[in-house]
Amino acid sequence: MNKLFKLVLTGALTTALALGGTGTGALADGVILPDYSSVTVSKAFGDGMVIQRNSEFLIWGYADGHLDGEPVFVNFMGKEEKGVISGGEWNVKFPAFKETTEGSDMVVTCGTKIITVKDILFGDVYMAVGQSNIAYTFNEAITNSPEGYAGNDTVPSEDDLIRICNNGLVYQDAYPAQGSDEECKDIIKNGGWQKTTADTVRDFSAVGYFFAKDILKKTEGKVPIGIIEINGNGQAINAFLPNEVADRLEVDEKDADGLYKTNYGGTKIPTRFMYNHYMRPFKNTALAGMIWYQGESDFIVGSYETYNERFAALVDYMRENNGSSSPNFPVFIVELPSMFNGSEEGWAFLPTAAVRSRMGLIPTLVNNSYIASTSDIWKDKEHKNNLHPYCKYDIAKRLSDLAGSVIYKERALNFVAGPQFKGYTLSEDEKSVRVYFDYAAKGLKAFSDGQFKGFTVNDNRTPVKVEAVAYNCIEISSDEVITQVKYNAPPANYDPAVWNAVTANTFPENINACNSEGMPMVAFSAPVTRNGQMTVYETGDADINGKVNAEDALATLQNVVGLNEFSNDEFTLADANLDGLISSVDALLILQRTVGIVTLPAVKE
């Protein structure tokens, strides 16, 4: 449509509506027009926001039902896309754009309604989700840290290309009751998108902000970063589950008051609302990734055992319903840090060792997920608020280093991730188990080359022998049939003294497994059965077909020049020299292995 004609028509319609009543407007010649005042753009969009770069994305909004069938035009980045209102909702899809450091305006037009969202940037958007340790603010971290993070680049600047958006429990006014299955399709109340100043960052997530600040540094300030904070103080994971997932997993039931609740240690607590009310408005938001720092409230027997399965179901739902072209966004998870109990009044502590060890199995269920190991970070035994450690900069740095490797190809994962449980094989007599790990770098070891500490079998039994038998494998032997294998994990049943002690374990004082780069192993607790064994492939078997041949060398070379993309497992097997990178050197080594010139690092006997 001619732009001049659009302006003339818009002016005429505006005049008409000024003459009309509710729901309609009237032109002087008697033509009745709809009332377009109910048309909105979702509050997930706002002035100064960041939209995910290099990804198709949706723009959406709402309107009263009487406008069904009306067209909506969105002009943005030199393109116009058209949507149609249906069921009181509308959306349009835009193609991917590269990162921008200068803002652009988006204009939405429906009849006489014109909405402009200003100064939009394209960059990388992350969602930072969790309970009180995500809600723990920048100001708290700076105030409580004895060093005040001296020497680290943490000072907020309005000139930084970082935009923050907080949509958590700090905003509760006018929201449905906690435990309601009512979905808030749009934000009811929050602070909108903001630049990072001393005032705006003060009450924002310390982990979220420090993460964004470091990612901006990794991109040399050339890629704007958006952080959406979803905080739920004290909320267990069931509060973060959408209706569909909660129903399928049967994690709760409707109480007499009509609200969904879980029996949590004899107390009924509300569920679903963190997703339904706070995460749901961003359901269609394209993401670069998600940060997850939650689980403290799932420490009890009856909740920790299935934590990893419930988390996996949440991520699957989010990815499947994302509405963008980035359905496999990476997830970066905080391993719950060590925590120390105290007898002083007001001491904050929870025995989180059991749920922490179950979280260590998440990467076996959720592809493209990574755990930031933390057992060496927090060691302050005098801090009364031990449940909320002030070391948020160090935790955020571990997360940003993972993202730096996965998304920005800054360093190989082997150098920034601690070893993560991958799977196991079991001996014929079932008294010996070989446990395999991702991110072993050039080999697993005990810190300072001592004896391994922290491994147990079955219900907290000490193994007869623990030794590294391959660069990525530790063999654990017992004098009894092994049904469980654990690292930095307590017995299944609650024993206060033992659970408290394991929760307080630190690296390398009490536990000491790490990779060749000194990155601590992530806690885990895994059942062991003959049917649950993994298939082990040799280094160099890049196509994972059970043999190393010239085709693997060719696939590796094709990956180097960008003709194919490796999965995480394929990447690990193709990394013949264990440097955490794929290069022509790896292809040559694999080819030499096929003709017997070299022997590659052992994975199996």
Peer 1: Do D586 and N577 touch side chain to side chain, with heavy atoms closer than 4.5 Å?
Peer 2: yes

Peer 1: Between W499 and F299, is the ring-ring contact (aromatic ring centres under 6.0 Å, His included) condition met? List the steps.
Peer 2: CA-CA 10 Å; W499 278 38; F299 75 93; 7.5 Å; no

Peer 1: Restricting to non-hydrogen atoms, name the atom on A288 and the atom on Y126 that form the minimum distance, rounded to 0.1 Å.
Peer 2: CB-CZ, 3.9 Å

Peer 1: Has the side chain of R358 got a donor or acceptor atom that lies under 3.5 Å from a matching backbone atom of N308?
Peer 2: no

Peer 1: So, the side chain of T306 versus the backbone of E309: is there a donor-acceptor pair under 3.5 Å, distance only?
Peer 2: no

Peer 1: In plain terms, say whether K222 and E99 are close enough for a salt bridge, that is, a side-chain N and a carboxylate O under 4.0 Å apart.
Peer 2: no

Peer 1: Are the side chain of D575 and the backbone N or O of I582 linked by a donor-acceptor pair below 3.5 Å?
Peer 2: no

Peer 1: Strictly distance-based, threshold 3.5 Å: is any side-chain N or O of T539 a donor or acceptor partner for the main-chain N or O of P601?
Peer 2: yes

Peer 1: Flag this pair as yes if the NZ/CZ of K422 is under 6.0 angstrom from the six-membered ring centre of Y436 and inside a 45 degree cone about the axis; otherwise no.
Peer 2: no

Peer 1: If I take atom CZ from residue R202 and atom OG1 from residue T196, how far apart are they, to the nearest 0.5 angstrom?
Peer 2: 16.0 Å

Peer 1: Considering only heavy atoms from C-beta outward, does the side chain of L387 approach that of M339 to under 4.5 Å?
Peer 2: yes

Peer 1: Please lay out, stage by stage, how D298 and Y304 fare under the test side chain to side chain contact (heavy atoms under 4.5 Å, CB included).
Peer 2: CA-CA 5 Å; D298 292 279; Y304 83 83; 5.5 Å; no

Peer 1: Side-chain contact, heavy-atom cut-off 4.5 Å: L361 with F421?
Peer 2: yes

Peer 1: Quick one: does any side-chain atom of T503 pair with a main-chain N or O of L350 as donor and acceptor, under 3.5 Å?
Peer 2: no

Peer 1: Quiz question: by atom type and distance under 3.5 Å, do the side chains of N386 and W378 form a donor-acceptor pair?
Peer 2: yes

Peer 1: Kindly write out the residues that satisfy ring pair (Phe, Tyr, Trp, His ring centres under 6.0 Å) with Y408, not counting sequence neighbours, or none if the list is empty.
Peer 2: none

Peer 1: Please step through side-chain hydrogen bond (donor to acceptor under 3.5 Å, both in side chains) for the pair Q294 and Y307, ending with a clear verdict.
Peer 2: CA-CA 11 Å; Q294 191 274 336; Y307 184 96; 2.5 Å; yes

Peer 1: Going through the checks in order, is the side chain to side chain contact (heavy atoms under 4.5 Å, CB included) test met by S373 and F507?
Peer 2: CA-CA 10 Å; S373 60; F507 176 94; over 6 Å; no

Peer 1: Going by the angle between their ring planes, with limits at 30° and 60°, are Y439 and Y370 parallel, tilted or perpendicular?
Peer 2: tilted

Peer 1: So does P419 get a backbone contact from the side chain of N472, meaning a donor-acceptor N/O pair under 3.5 Å?
Peer 2: no

Peer 1: Do you know which of I237, N238, L241 makes side chain to side chain contact (heavy atoms under 4.5 Å, CB included) with T271?
Peer 2: N238

Peer 1: Quick one: do the S303 and R310 side chains pair a donor with an acceptor below 3.5 Å?
Peer 2: yes

Peer 1: Testing R53, R163, K218 one by one against D124 for a salt bridge (Lys or Arg N to Asp or Glu O under 4.0 Å), which residue passes?
Peer 2: R53

Peer 1: If I compare all heavy atoms of I228 with all of T285, which pair ends up nearest, and what's the gap?
Peer 2: CD1-CG2, 4.3 Å

Peer 1: Which atoms form the tightest heavy-atom contact between V416 and S405, and what is the distance?
Peer 2: CG2-CB, 4.1 Å

Peer 1: Does the side chain of N385 come under 3.5 Å of the side chain of Y136 through a donor N or O and an acceptor N or O?
Peer 2: no

Peer 1: Please evaluate residues N505 and R356 with respect to the criterion side-chain hydrogen bond (donor to acceptor under 3.5 Å, both in side chains), reporting the C-alpha separation (whole Å), side-chain torsions for both, the decisive distance (0.1 Å), and the verdict.
Peer 2: CA-CA 12 Å; N505 280 343; R356 179 175 65 197; over 6 Å; no

Peer 1: Please check: side-chain N/O of N512 versus main-chain N/O of P508, any donor-acceptor pairing under 3.5 Å?
Peer 2: no

Peer 1: Would the distance check show the side chain of N322 and the main-chain N or O of P327 forming a donor-acceptor pair, the cut-off being under 3.5 Å?
Peer 2: no

Peer 1: Can you list the residues that meet the side chain to side chain contact (heavy atoms under 4.5 Å, CB included) rule with Q235, with sequence neighbours excluded?
Peer 2: L169, A239, F240, F273, M274

Peer 1: Could you tell me whether the side chain of P463 reaches within less than 4.5 Å of the side chain of F452, counting heavy atoms only?
Peer 2: no

Peer 1: Which heavy-atom pair separates V207 from A396 by the least distance, and what is that distance?
Peer 2: O-CB, 3.6 Å

Peer 1: Step by step, would you call D401 with D214 a side chain to side chain contact (heavy atoms under 4.5 Å, CB included)?
Peer 2: CA-CA 9 Å; D401 283 348; D214 198 59; 4.1 Å; yes

Peer 1: If you look at every heavy atom in A212 and I227, which pair is closest and at what distance?
Peer 2: CB-CG1, 3.6 Å

Peer 1: Run the side chain to side chain contact (heavy atoms under 4.5 Å, CB included) check on K392 and N133 step by step: do they pass?
Peer 2: CA-CA 9 Å; K392 296 299 189 284; N133 275 304; 2.9 Å; yes

Peer 1: Could you give all pairs that pass the salt bridge (Lys or Arg N to Asp or Glu O under 4.0 Å) test and reach residues 334-345, with sequence neighbours left out?
Peer 2: E344-K384

Peer 1: Is there a side-chain contact between N500 and P351 (heavy atoms, below 4.5 Å)?
Peer 2: yes

Peer 1: Looking only at side chains, do N231 and N166 share a donor and an acceptor under 3.5 Å apart?
Peer 2: yes

Peer 1: Check side chain to side chain contact (heavy atoms under 4.5 Å, CB included) between L216 and all other residues, then give those that pass, not counting sequence neighbours.
Peer 2: D160, L161, I162, T219, I225

Peer 1: Quiz question: by atom type and distance under 3.5 Å, do the side chains of Y390 and D380 form a donor-acceptor pair?
Peer 2: yes

Peer 1: Are the side chain of T137 and the backbone N or O of E140 linked by a donor-acceptor pair below 3.5 Å?
Peer 2: yes

Peer 1: Tell me whether R530 contacts the main-chain N or O of S427 through its side chain, where contact means a donor paired with an acceptor under 3.5 Å.
Peer 2: yes

Peer 1: Classify the ring geometry of Y487 against F455: parallel below 30°, tilted from 30° to 60°, perpendicular beyond 60°.
Peer 2: tilted

Peer 1: Can you find a heavy atom in the side chain of L314 that is under 4.5 Å from one in the side chain of V245?
Peer 2: no

Peer 1: Roughly how far, to the nearest 0.5 Å, is the OG atom of S369 from the CZ atom of F311?
Peer 2: 7.0 Å

Peer 1: More than 12 heavy atoms of other residues, nucleotides or ligands under 6.0 Å from CG of D316: yes or no?
Peer 2: yes

Peer 1: P330 and I407: which non-hydrogen atoms are nearest, and at how many Å?
Peer 2: CG-CD1, 3.9 Å

Peer 1: Is there side-chain contact between E509 and K379, with at least one heavy-atom pair below 4.5 Å?
Peer 2: yes

Peer 1: Is the gap between the ring centers of F138 and F204 under 6.0 Å?
Peer 2: no

Peer 1: Considering only heavy atoms from C-beta outward, does the side chain of D569 approach that of Y537 to under 4.5 Å?
Peer 2: no

Peer 1: By salt bridge (Lys or Arg N to Asp or Glu O under 4.0 Å), which residues pair with R398, not counting sequence neighbours?
Peer 2: D376

Peer 1: Would you check, one step at a time, whether the test side-chain hydrogen bond (donor to acceptor under 3.5 Å, both in side chains) holds for N414 with K442?
Peer 2: CA-CA 8 Å; N414 276 347; K442 292 185 180 297; over 6 Å; no

Peer 1: Under the salt bridge (Lys or Arg N to Asp or Glu O under 4.0 Å) rule, what pairs show up with a residue in residues 480-490, not counting sequence neighbours?
Peer 2: D459-K486, R461-E480

